[in-house]
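Presented below is the structure to which this report refers.
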Amino acid sequence: MTNKQITQTQYTQTAANYQLYLPMDVEEMIPMDDSVRLHCLLCERMDYRELLQAYASKGRKPAVDPVILFKVITTQPRKKSTLPEG
């Protein structure tokens, strides 16, 4: 007698019911000469003690890490202004 009980979920058979997660490699998505890389290097050298002190030490943890949030907020496209001079 053989055991035909499936003990592992077959994700490929019912793909509509499951979400396939593939880890993204940021190194491939961002060009080497992009200004975002320079911004990231500058942010890594910063001292975030004052920023972290602004968050309460009691209660829930923030939903987003304050350092990551700072990096996202301070990253801006560096494009020339499209406003006419005059």
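Hydrogens, waters and symmetry mates play no part in the numbers below; they use all other heavy atoms, side chains included. We number each residue from 1, following the sequence as shown.
- Here the NE2 atom belonging to His39 is positioned 9.0 Å from the NZ atom belonging to Lys71, to the nearest 0.5 angstrom.
- Taking CD1 from Ile68 and SG from Cys43, the interatomic distance works out to 11.5 Å, rounded to the nearest 0.5 Å.
- In the hydrophobic cluster analysis, where Ile, Leu, Val, Met, Phe, Trp and Tyr join through side-chain heavy atoms closer than 4.5 angstrom, Val72 is grouped apart from Val36.
- Contact between Val67 and Leu52 at its shortest, heavy atoms only, is CG2-CD2, 4.4 Å.
- Judged by distance alone, the side chain of Tyr55 and the main-chain N or O of Lys61 form no donor-acceptor pair under 3.5 Å.
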